[in-house]
Every structure is written in C-alpha cells, then in structure tokens.
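Structure, as structure tokens:
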Amino acid sequence: MMKKHIKYLIGMSVLGVISAGCNKDFFNRPPEAGVVASTYYQTASQLNASTEGLYGSPWFGWNNKVGWAITEMSGGNGISYSSDVSAFESFAVPNTNSELLAAWDSPFTVVAQSNALINNIGANTPASAPAAAKNNALGEARLMRGVAYFYLVRTFGNVPLIENPLNDINNFQTIPTNPVSDVYKFIVRDLLFAEANCYTNNTASGHGDSGSASAMLAKVYLYMQDYADARKEAEKVINSGEFALLPNFEDVFTISHNNSKESILAMQWISTGGYDFGNSIQASWAFSSQITQTTDGYGELGPSIDLQNAFAAEGGDTTRRHGTYMIHGSLYPELTEGGVAPGGYRFPSSGNAQGTDAACKKYVVGAAGDPDNSGKIAAQAAANNTYIIRYADVLLIDAEAIMGQTLGTQPGTGIDTNATCTDATAIADIDQVRARVGVPALRGTFTYKQLMLERRCEFALEQDYWFDLGRMDGYNVTHHPIATNIINNQQRGTFSNDTPPVIYSAHYPITDSKFVFPVPVIESTADPELLKAPVSYVFK
Amino acid sequence: MGKILRTVLLFMSFLVCARVMAQNQGTVVKGTVTDDKGVTMPGVTVTVKGTTSKTVTNVSGVYTIQVPPVGKSLVFSFIGMEAQEVAIGNKSLINVAMAYTSTTLSDVVVIGYGTQRRGDVNGAIGSITSKDIKDIPQASVDQMLQGKVAGVNVTDNSGQPGSNTSVHIRGITSFTASEPLYVIDGVEIQGNSPGGQLNSPTNGQQETSTSPLAMLNANDIASIDILKDASATAIYGSRGANGVIIITTKKGKAGKPKVNYDGWYGSQEQGKFLKVDDLQQYAVLQNQLATVFGEQPREEFATPSLLGPGTNWQEAIFRSAPEQSHNLSVSGANDKSDYYISAGYFNQQGTILGFNFDRYTVRSVVNSQATNWLKIGSTLGVSRSNENIGLGNNTGIVYNALLATPDQAVYNADGSFAGPEVTPDGTREGGPNPVQQALNITNTFLRNEINGNFYADIQIFKDLSLHSEVDGDFNFNNAQTFDPTYDYSSPGTPAIYDITNNTATLARQISNSTYWSWKEYFNYNHTWGKSSLTALLGREVWESNYDNVSLSGSGFGAGNTVQSIALATTVGTTIPEGEATTTMESYLARAIYTFDNKYSLTANIRSDRSSQFADGHQTGYFPGAAVSWRLSDEPFMASVKSFADNIKIRLSYGSTGNSNIQGYAYGSSLKPTATAFGTAYIVNNVANPNVTWEKALQTDAGIDFSIVHGRIDGSFDYFNKTSSNFLFQEPLPYYLLGGPNEYGDNPAGIAPPFVNAGQINNKGFEFSINSRNIAGKDFTWNSTVTFSHYKNTVTSLNGAPPIIGSPSLAYISLTATRTIVGQPLGEFYGYKVQGIVKTPAQLKYLATHPQEVAGFTQVVSSDPLNANAIWLGDIQYEDTNHDGKVDPSDEVPLGSPQPDFNYGITNSFTYKNFDLSIFIYGSYGGKILDALEYETEGLDGLYQNQLAATANFWTPQNPNSNIPRPRGGLANPNLVMSDRFLESASFARLQNVRLGYKLPAEWARHVAMTSLGVYVSGQNLFVITKYPGLDPEIGSFNQSPILQNIDIGRYPSPRVLTVGVNAQF
C-alpha cells in the first residue's frame, strides 16, 4: 500500500514544502567581508582605529604625481618632459588632464571619508562610549578634513564646502563653489575643534594630535596673514616641547625616522599594499632602477636650474643640497642598491635627469635591501611618510609671523621682499633651521626675500613652494605681481651635452588666472555651477 | 501569494486522489516501430488515445500494450518525429513507420520550465540547432550566435582567445552589463563568474571579465533557444530582463550506440596591419617634431635616406597561430534509458605573442524511466580552462606595438631583448620592448567548473506530474600574474639606462563560487474536445556565494622559475578577501490554453524575493501574457491556404525585473583597507534603504508565416521595451564622496548609492526568413536571412546628471560618451571640428571669438612654447550654439555607438555528398571612437611611433591637409574629445565559408564507420569596412554599455582556415 501510493505522498509532501516558504533570515545577507556601519564605532579601541584610514590611500592621488607636479613644477623647482605632467611646468594644464583630476579627487576623498566618520560617529556611537576616544576621533577627522581643504583652496581657489554629502546627493547639480574666505574660515573652524578635542602627545603613533592641529592653524593663519594668531599657535607648538628638529637633516626623510620628533603631521604609506597604498614618489624621482632595485626609478623630475641657482645663492653645496638633489659625484652611503654597492651610490658624472645634470634625492629612499629601510620598499610603493607639516616649518612660520606683525602688514598685501626684520626670536627660529644644515647664522637681520629663500631651500621637493608663491602677494588676492615677477624670471631650461654645458633657456610667463587650476571637466560637466561665481557658505 | 498558492495546491491534491480509482481490463495490441528507413526504434511512446494506458517500445522497437475497452486508437510519439495516430479497429498487430519531423513548426522549443512545439509558441522565441553552430572555430558558444538569430546582437569584445562577448537581446536596457541569463540544461549560470582575470602588471586597462560560456563545449549542444519577449522571459522573472538564452545539451538517441568524433585543426592569422612609420619616415618625423618642440634633432637621423626600414613591431607581435578542437562522444538509448557522454579538448594559440587558451571538458547526460511513474536523470559537466593573456589588450600589447619606435630592435645580436636607444645624457628614446613584455609577463586565469543537476519526474496521474530538481554550479578559479626580473638594453648603453626589474612580483586571486538551486513544480496537461490546457505551478530557491582570496608577493630570491607566494621575500598586505552571498525564492505559475489549434493564450506570473534588497522591498511580481491566432486555419482563409499554409499572429505583453547590483547596497558598510597602522575600516558606500526591483515592460507583436508549401517560412516581430526604475549607481560628482586617481583606481572613495531611477526605451523590429530555394534530389539551396533593428533612447534619468563614460587612455582623461535624456545610451559627445586654422582671417576671427575647449582660453599666438596658443595648423571647433565663442556649451552629441541594424545571411548548398555554406554577418550604422589615434596620430611628443598618414600634417607648404600641426603635451586643445577620430562602424564580414564532403556510407563502412565527413572552412575571410583601425568590431569594454565601440587597442579577431572531420562509428 505504502509503495503504491508513494508518489502521492511525495506529491503531497512537496506541496507542504512549497507552501511553507523560506524564513526571513534566508534573505538577510549582510556583508561577509566587511562590517555594517551601524555596528562599528562602539568601543574606545574601535574609535581610536576609526581614523587610521585617513592618512594613507585617500591621499595617494595627490601624492603620486600631481602634488609635486603642481608644487614643484609650476613652482619652478623641477622640470620634466614627461607628457603626463609637463603641462604643469608651462601653465597649460587643460581641464581634461587626468593628473589634475587626481589633485581634486584625492583631497575630496579625504574630505568624504572624514565626513563619513564624523556623521557615523554622530549616528552610531552610543552615549556610553568613552568621551575622550569619541572626541579624539571626531577631532582627527576634522583635522584631516581641514587639511584636505587647505590643499584644495590653495590649488583651486573657490571650492564647494561639503559637510554632509547625504544632504546633497539629490541636488548636487545646483551646488556652487564657496569663496576662498569661507573655505579658510571653515578650515580654521575644523582645526580649532581638532586642537581642542584631539589627544595630546600622540604623533609618534602616526596619528595627528592636538599639537598637529596647532601647527596647521599656525600655517593657515599665516596664509590668512593673521600674524598674531599664527605666531600664537606657532609658539604654542614650539613651547609644548612635543616636537624638535632632528639633528641630521637627511634623517628626516628616511623610513626609519617616520613619525620622529620632527614630524607633526604626515601621510603614512606602506610598501606591502601595492599601488594606491605606498609612497610612489621615489618611483618617479629616483634617477635609476639601480637605486630602487625594482622596475621603477624613472628620473621623471629634474631639479630645475633655477632651484640649483637658489641653493648656490644660499652658499653652495650644503648638507641641505645633498639631501635635496644629487649632483655629479655626490655619494649616498645609505643607498646601497640593496647591498650590491656597500660603499653607497655615487651619482655618475654623466647623470642627468630631464636635462638638469642633477637628480632628485629628497624622498628617494633606496632599495628594500638598504640599511634603515627594513625591507619596506616595493615597486611604486615605499613606506616613507610624506610630510604635511614638520617642525622646521613651524619655526619659519613663527619667524614670518613675527616679521609680519612687526611690519604691521595688512591682509591682502604682500610683505615687501626687501623688508627687513631684526627680531631676536625670529632670527633664532631661522638660525635653528640653518644651523642644522651648516648654513651660516644670520647677522642680526633678515629680509623677507631671504626668509622665502630659506623656505624654498628647506622645503624644496616637499610640496610647498608653489603655495608660498601663491601667497606672497597677500591673502585672497587675484593679482600676483611679486610672484609673477619671480616666476617670469625663473630659469626653466635645460643643460646641453657640451662641456661645459650651455643652457637651453626656457621661461614660461604666467598670468594672474594661472595661480589657481581649472576645475576638472568631469566635475564641471556633472555640476555646471562649479564654473560660476562662488556663493557664500551658510555656516551651521 | 503563499496563501493563494496553498489553496490552489490543496484543490489539486484532491484531484490527484479522486483520479486514482479508475482502472480497467481490455485487449492487447503488439507491433514494431521503425523509422522511415526501416530501422527499428526503441523508446517510442505508445499511448491509447483518451486513456492512461501507455508504454514504450523496447530495444528492438517492439511494444505490447493493454487497450481498455474505450480505446479507439493508438498514438505513437517520439521527440523529433511526427506523432502518428492509428485506429485500432480489431487489429492486434500494428506496425508503424515514423517520419522525422520536417517542418520547423513541429520542432520542440524550450520555453523555460518546459517545452512546447514551435508551432504552438505564443511568445517571441528564436532557436538554433547544433548544425547552425557546428564546426565554427570559436572558443565560446555565445560568439557562435552572431547573426544566427534575429533580435540578438552579438559583439566580440576582443579577438583574444577565451575573451568575453557582449550579447544584447533587443537592445541595451541597463547602465551596467546588459547580458542575458544563460540556462544550461536548467542550470542558471550567473552572468559573470566571480574573480575574473587580473590586470596585467604594468598595465591597468584591459578586459578582465570572462565569458561564462567559454567553459562549454559547443559540440555538446543540441539546441539553443532565445527567449526574447517578456511573455516568454517573465517565467524567469527577476533574471529575465535582458532576455534568456536556454542551452540544451545532447541526449542519447534511440538506436544502436553511437560513437562520434569531431575534430578540426585551424590556422589563424592577422588579416590587417596598420601603416605606421618605418625607420626612414620615423626619422623624418622626429626631426620635424624636434624642430617644432625646440629641441636638438638627433644626430643619427641627420640623413634619413641612409637608414634601413627598422623594426616592424606589428610583425613582431603578431604571429600565425594554430587552433584545434577534438571531441569524442558516446551516446545511445534503449526503451527505458538514454545516455550521452563526451570529452572535448580545445586549444587556441593567440595571433598575438603571449596569448593562448585551452580547455578540457567532460559531460555526461543520463535519463532513465525508472518505473512507470518515475523518471530520473542527471547531467554533469566538468570543465577546466586555462587562459594566458600575457600583456593584455586595450592599452596593452597592440597599443604598445603601434607606438614602439622602429629604431629599436626586437633582439640584440646575442639574442637578448633589445632596449630603446639612449642619448648620452640618459634620455630613453623609446619605451619598453613589447615583445619582451608579451613573452616575459604572464597573466593566467585557470578555471575549473562543475555544473550539473539531478531531477526526478513523478507522474502522479495521467495529467499531472511533479518535477523535482536540484542544480549546482561550482567554480574554482585561480588568476595569477607574474612580472619576472629582467635587465635589457640596446648594445653600448651604460648599465644605468637598462630597462630593468630587479624585484619580481606575483599576484594571485583564488576565487570560488557555489550556486545551488532547488526547483519543485507541478505540470498539468489536459485535453478535452478542441481544448488543451498546460499548467505549471512551482517554487524555486537558490543561493549563490562567492569568495575571493587575493595574495601578492615580491622579491623571488630563487629566480623566476617557481612562481609561488611561498617563495616571496615580501608578502603584500592588500585586503585579502571578498565574499558575498545572494539568495532568492520564487513562485511561478503558467497556463497555456489552446483551442482548436487556432487560438492560444499563455499567461504566467512569477514572484521573486531577493536578498539584494531591504526587508519590505524584497519581493517583485512579474506577470506576462501572450495570445496567438492561427489565421491560416480560419475558413475564410481557405482560398489562400494552398499558398500560405501557415499564418500566425502573436501579441504579448509582460514584465521582467533586475536585481543585479552589489550586495547590501541597501545598507552602509565599512570596508577593510590596508594602512600603516594595520588593517583599518573606511566607509564603503552610501546606503539606499529603498532600493528595489528594476522593471522592464515589453510589448511584442509578431507574425509567423510559411508560404509556397513551406518553401519559405519566417517570422517578423515588432517590440517596444521600456526599463523603468532601473538600477544604477548614481554618478555623483567626486567632490561629494571622493573619486578615483588618475588611472581610475578608487581605493578610498565612497561608492555612491544605487538608485532606482530613469527609463530606457528600446523599440525595433526583427525578422528572419528561411527559403528553400531549390530542393532537388541531388541539389539543394537554402537561404536564411536574419535582420535586427532597434532604437535605444534614454527617456529619463530622474534628475541624475549625464552619465559620463571615460575610458582611461594613457594620460588623457577622455570624456568620450555622455548618456543624456532623449539620446541613446553611451552616445559619443564632444566638440565638432570645423577645420584647420589655415588663414590669417581665421586667426583674426579667433582673436575676438575665443576658443576654450580645454579649460583655458586659447590666445592667438605663434609662440611655440605657449601651450595656450592657437595658431595656423591648429583645430578650430564649431560654435554650435552660435554665441560667438567655443566653450563647453558647444559640446554636442556626436553619434551613437549602437548600430542601425545587424544582419546575417546564410546560403547553404548541397550537391550529392557535398555541402557548402556561406555566412555573411554585418552591422550597419553606429560610430567607433578610434581612441588609439589620440596616441598614434597625436603628434604630441618625441620617441613614439605614429601612423604613416600623420606625415601629411598641415604646414603652410601643405595647405590642404586636415591633420593639425604637431603640439607638445598629450592633452593639448587639438586632442580634446571631438568628432576628429569618430569613424563609421559599419561592416560586412564574410564570417564563415564551409565546404564539406560526406563519404558514401559503403566507403565509411570499410573503415568501420557509420559515416565520415570531411570539410574545410574559413572564418573571418574578409571584412568590408571604412574603419581605419585593425578591426571594426569593437564591442564594449568589460561589457560596459557606456563604453561601447571605443578602440583603445582591441585585440583584432583573427582570420582562420580549418580542416575538420566528423566521424561516426
């Protein structure tokens, strides 16, 4: 009987199964290789770790090439034939340039991740979470957001201020840019929050802290020509004792001195994450793959004749020059070609990056097998930090703030390049920086021109000089006579192969509008308002 | 839905019980069934009409059946044969000769969860059989569909072995991949296999998606049915929005066991090469460019006429390459069971160095009528393929070879690879050696797939059966790239200028996926009077999971030979794993009612509940309906019946859906990222809790006809398909959520939300006609024409901005396509070239009517170092809105990549034992962006080769040229997105010619064969096109509908000559 009717029984049981259906959990499939946002940001350790993603890969686009293409090539410190960046040297960057897009996207990615962190902590962190950890995470996020906007405003001028993108997702075609003055106000607000809420004495970990925020505030106030506040913040940093100059200038740029006493805020890179996660500067700059022992080492940037002249003007072959660029016969004991050349790397007498008879050294850290690198070098990815600000900058900011303050310079007007300053504190600040690199002390006075030369030599190839040129004519100006004069006289040519070499001279005249870069075409296509006049930001 | 279902099922189960009771006694009839040639046929079903009494013939074709008193006639049926009905009368011996079905009307069509006779189908379904795709030298079945079925557009995205193909059924309905659902013997194959190929080291832009069908051996296929209209696809509900392609594999056939061998060997070669500068031409051009760019001309180029021809890099990378396929199968059937077992091997070497593909397949299909009420069966396919793409296509090998300089040798005299020439001051006058890259860099993708099912059919009572099936598809893949150490240079170059890699790198991605599904459905068939009803009711559940594990390492002290992470000096810390699971539960119901074989109605509905959406948004309902009317059988048509033996009109309407988005898009997740602090979490995406089903509505009106006594038959369909609320990731500006860096990588940007927004409409028509032109005893001539046309329009984006398709091409960020409302998907968009600035009058005009196409105003200046200048020889763009200046508001749609129509024409002839078929495939209309020319005609820098035609650039002495003057810097205003490099995409290709000869049976018998055929065939013999690039069939980049027909160095399809054998033992 059972056997005979088994087919009906099967049919009936299938009916039962069919009509029962799956339960609700069958359709609940949260990520299996990720975390649901609402369940994170709960404990102190989660909150402390929540900011770790803000120091590396979001900055990659900026750091990879365009950061130095803008600051060093447009600034006149470096030259390159390479077609991806050469337009930055000749002030001919079209809005279709893909490097330009990276200059925009990368800081905005920092802004986006910072915003997401701020908003997620606001929405998901329970009241019971430790307040210090929560405040520090919010502080670090606002520190990095402020810093990212500082890069953006100096590169593009008016940019849109975004705090909660979720509000703008459905109306972004009408989002305007906000004026430079509002962007600075926004940055100051973020940095003040960070200064008040971040941990103190935490930079050795690689995180930014309250002192980092003070230092950035000093720099931002200096750009705003608020000399009093710039000086106040700079001296807060100086007096805190958290930071100091390293005794040896060249150590500052080695992997083993990442997050040293001199480091105030830096992009943090790794060598084991591949492209997008490591510092790729040496890949572009190292003169040869002998130095890096990987495929890279393209010698893509050469120190311009103008930069070489600047070093000559400050006294010739100093420690600082040696640490900044290689000239014929320079010996670098730490670059051992991965142990192949234990005596070190000597820049050959025929060596020549981009027709400059020299090659970049700063940020070139060598091969995995070199001492001090702990193997942290891979193709396109070295683990050396990129400085956002270091202690020497704070000293020179202090000196400049004192100078501006004593001269009574008003925002919107540049300090006369021939103006002098005799303030002892300012001179001591500058002399600290000079003493380390073996440049003779000042003789009781300095001119603004000397100070700017000091900055240029100290921070050459560190993504700063173009921004110094941009602010020399004063805060938020559209007319740049002083900087234009400097740039138009910069020697951006190359050396010939003759002995002695002859200079193929090149000068690229700049116009006022070129002190900011155009909005990338893909962005202005999505939001045409970006090309129109800026609109005041409504601060909440 | 569940409640209604339960009621219906309960009702049906009463029926089951009620009908069990009736049984009776009667007479016995015997007989033998043969085919039309007198061969006995096992497995023929014999039924006493109007009763449950039924049997099948045994291995000798003999049957014995109990005929109840009510039995009046016997019905003999066998798939592929005409059913026969014989009156019993008082006969006790009835022998029958069955005839093979001859007309397409009685072919069986697979309609999803069942089959139907072709003549009864109400929806729009295209079918092809094994003979249509027989002996075609292609790796993948989807490529073989090209031109064979109206309404199906098939484009090879690359000519590389094992590459993927874009298949679009009736247009493109989505911004993401619009590929159809593939169902192989009931097992639904996910559109994309997990993982996929890795990018080649040193190259970031290439096809990495792979064809899911590359794993299937075409020799195993019996038929392919393509469900086109929504009434047909609605039974697949959520997954049918892009159409469904159902592949049925071969089964054993009645008769004595058959052993088949099919094999062919082919030789492939590249049919076309581009004319680039030889060394003399190159030297002349380099000298001219150096002058323009204000640099020292090269000494060695001082007298170009003394130079030789230099290296031809195209000849260096292309090669003549073999291709072969072998397939052995054994099949057979008796009255109870059938089996088919096959093994295949396919190997294709690429026509470009460094590419190859091989595949092993095994397949078994077994079915058995275990008891009179239980039929069970199983299919199992196991395959393994290995693909090496070396240096990939698309800004990969072809691109590098075209730009490689002719002054660089391939090899040095000592056999080592040659590097570029280097100046005394260290400038490399060229790039890496493409041949070295192709041969040394490996990029392999190894795939293993097990795909199969098990089913049971339970005949509960005469009209009602239950089908239970469990399907599985399991993939185990391993993608690996290895960039070895190397060191090479041209002779005499100081070692510091060698092209070197001192640290080898290895990347691996191990991925596996499991897909299982469970189906239960009841089939009900009932015929009464002139009516017949077929109903289906069932449930299906599936779960799909993938898991990718990535590893990388560098520094292999032991050398380049053993490529294992275990030997790496440094192991990478990229985030090592990605995993996701998707589930779905569906209920489906279908009823087909036919009256008098003239009027027929199909109605179906499916509900799908998907884990892709948040609770409350998970379920979608997808109904469809179709009616047909066989006009020719109406009395008033009797007068034309002798001419038009069949005319059927069809109308259908239905809805399908799509849920194919990233998992957990409805919520916000954090993703792990590698940092200096260790693994940290950053925000992955913006949530949209309301995201739900995309729906597509489609209307179809069609006519099937057969005229002149079946000599000509065909069908014509009009369709109108609208996808609404379609799913896409909102293309937000990057300032909101972050964006990619210069090469398109986006390691830390936040993914925009998926939204249901906008509408795309596709309307068009298609037809196919078969004509038996000559049907003589010795000579036949058949022609088949397929034709497909559709027009694609984006009707709404719901406020979203234009969607920009931006292929990454070296250092240009080319905003090539823009999808805007009122225009087709992925349309080219940019400036129109008015002409070259040739006269002072034009300069005068430009001084007051500024041109700003690259973000800055071009000033009228002859200064060669002023990159912002416009001067004689530059491009003047059109002021399309006549506002006196040229700026972004003058950008306009420049043409669609989508063709106006596609067609396929097949002519086949037989003469005695010879057969000849000629297949032409063509595409008309549409544009190609030859983006490669931005580099190969750019005239923007030294040390890379150019197309020979660029030598004719404009100078005052060469005033008729339309090629602008050389200008330094890739992204100069002469190289913005414009119609300058837009080309016609029309082509007609002689796709296949095959000449076969079948040996007379008696000859075959001498070598112990049942039959033996030999053939020669040519594939892709020539192409008629105006396209100046290597191959006009570009396809879409990684199947992206917004990056179609953009040539950035596509691997051209080879020309193939094959010889082959079909033998049966």
Side-chain angles (χ1 to χ4, degrees), chain A residues 7 11 14-15 18-19 21-22 26-27 29 31-37 40 49 52-53 56-58 61 83-84 86-87 90 92 94-99 101-102 105 108-109 112-113 116 160 165 172 206 268 270 272-274 276-277 288-290 293-295 352 378 497 518 523 526-527, chain B residues 2 5-6 9 373 424-426 458 460 466 496 500-503 520 539 554 572-574 577-581 583 585 611 618 664 668-671 673-677 680-683 733-739 741-742 745 747-750 801 811 813 854-855 867-868 941 969-971:
Chain A
K7 58 184 184 180
V14 164
L15 281 179
I18 287 181
S19 49
C22 298
F26 185 70
F27 303 100
R29 301 288 171 164
E32 292 168 36
V35 177
V36 174
Y40 196 67
E52 290 171 351
S57 60
S83 56
D84 44 349
S86 60
S90 53
N95 57 1
T96 51
N97 184 289
S98 50
E99 293 298 333
L101 181 65
D105 282 2
F108 269 120
T109 302
Q113 286 291 351
F172 57 81
Q268 312 272 335
I270 54 173
T272 50
D276 291 328
F277 295 89
S288 143
S289 52
Q290 261 182 309
Q293 293 291 305
T294 57
T295 35
N352 183 345
N497 297 329
E523 292 289 273
D527 177 7
Chain B
L5 187 77
R6 252 168 288 193
L9 290 175
W373 55 269
D425 70 2
I458 298 169
I460 296 173
L466 168 68
I496 53 168
T500 59
N501 181 22
N502 295 317
T503 312
E520 295 287 349
R539 170 175 179 262
S554 62
T573 56
T574 38
E577 187 174 7
E579 186 178 6
T581 303
T583 60
E585 180 187 36
S611 65
Q618 286 173 342
Y664 198 64
S668 175
S669 60
L670 307 183
K671 66 178 174 190
T673 183
T675 76
F677 310 93
Y681 299 121
I682 56 175
V683 175
Y734 298 132
Y735 64 76
L736 284 175
L737 298 171
N741 66 38
E742 63 273 53
D745 314 17
I750 299 171
Y811 304 129
S813 162
N868 298 344
L970 248 177

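Below, chain A is the first sequence line, B the second, and so on; all start at residue 1.
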Dump the intermediate steps for side-chain contact (heavy atoms from CB on, under 4.5 Å) on A/F277 and A/T272, then the final yes or no.
CA-CA 8 Å; A/F277 295 89; A/T272 50; over 6 Å; no
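- Residue A/A87: no heavy atom, backbone or side chain, is found under 4.5 Å from chain B.
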Where do B/T583 and A/R29 land on the side-chain contact (heavy atoms from CB on, under 4.5 Å) test, with the steps shown first?
CA-CA 8 Å; B/T583 60; A/R29 301 288 171 164; 3.2 Å; yes
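- For the set B/N502, B/T500, B/T503, the count of heavy-atom pairs under 4.5 angstrom toward chain A peaks at B/N502.
- For A/P165, the parts lying near chain B are the backbone and the side chain together; criterion is any non-hydrogen pair under 4.5 Å.
- Annotation for A/Y40: atom OH counts as buried by contact number, over 12 foreign heavy atoms lying within 6.0 Å.
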Start with the C-alpha gap between B/T581 and B/S611, add the side-chain angles, then the distance that decides, and say whether side-chain contact (heavy atoms from CB on, under 4.5 Å) holds.
CA-CA 9 Å; B/T581 303; B/S611 65; over 6 Å; no
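- Listed options A/P518, A/G273, A/A49 were ranked by heavy-atom pairs under 4.5 angstrom with chain B; first place goes to A/G273.
- In terms of heavy-atom pairs under 4.5 Å with chain B, the best-connected choice from A/A102, A/A37, A/G53 is A/A37.
- Heavy-atom pairs under 4.5 Å with chain B were tallied for A/I270, A/D105, A/T294; the largest tally goes to A/D105.
- For A/F26, the parts sitting under 4.5 Å from any heavy atom of chain B are the backbone and the side chain alike.
- Heavy atoms closer than 4.5 Å to chain A are found in the side chain of B/I458, but not in its backbone.
- Distance OG/A/S57 to CG/B/D745: 11.0 Å, rounded to 0.5 Å.
- Qualifying side-chain contact (heavy atoms from CB on, under 4.5 Å) partners for B/P733, counting only residues two or more places apart in sequence or in other chains: A/F172, A/E523, A/A526, B/Y735, B/L736.
- Counting heavy-atom pairs under 4.5 Å between each of B/E520, B/K671, B/E579 and chain A puts B/E579 at the top.
- Atom OG of A/S288 is separated from atom CD of A/Q293 by 8.5 Å, given to the nearest 0.5 angstrom.
- For chain A, the nearby part of B/Q618 is the side chain; its heavy atoms alone come within less than 4.5 Å.
- Contact of B/L466 with chain A is made through the side chain alone, with heavy-atom distances under 4.5 Å.
- The parts of A/P58 that come within reach of chain B are both its backbone and its side chain, each placing non-hydrogen atoms under 4.5 angstrom from that chain.
- The CG atom of B/L737 sits 5.5 Å away from atom CD1 of B/I750, with the distance rounded to the nearest 0.5 Å.
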